[in-house]
Amino acid sequence: MKKTTQRLKEPSTWAGLAGLAVLFGASVEEAQAVANAVGGLAGLVAVFMPENQSNAQHRP
C-alpha cells in the first residue's frame, strides 16, 4: 500500500493513467479533467493526513 501511495504522488503515474484513458476511448480533455480532479482530492487528503511519526524522526 505504501508503494502504491508513493507511486500515486509521481506525475509520471498520472501521465500514464491519462494515456491509458485516452487509449481506451476517453478524450484528452476528459482524461485531463479526471486526472486534475483526482490529483486535487489527493492533495486535499494529504493536507489532513498526519505524517508517520517514525518517518518524522529520521528527518534532519
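- Under the salt bridge (Lys or Arg N to Asp or Glu O under 4.0 Å) criterion, no residue pair touches residues 17-42, with sequence neighbours excluded.
- Taking E10 as the reference, R7 meet the salt bridge (charged side-chain N to carboxylate O under 4.0 Å, His left out) condition, with sequence neighbours excluded.
- Shortest non-hydrogen contact noted between V28 and V22 is CA-CG2, 3.9 Å.
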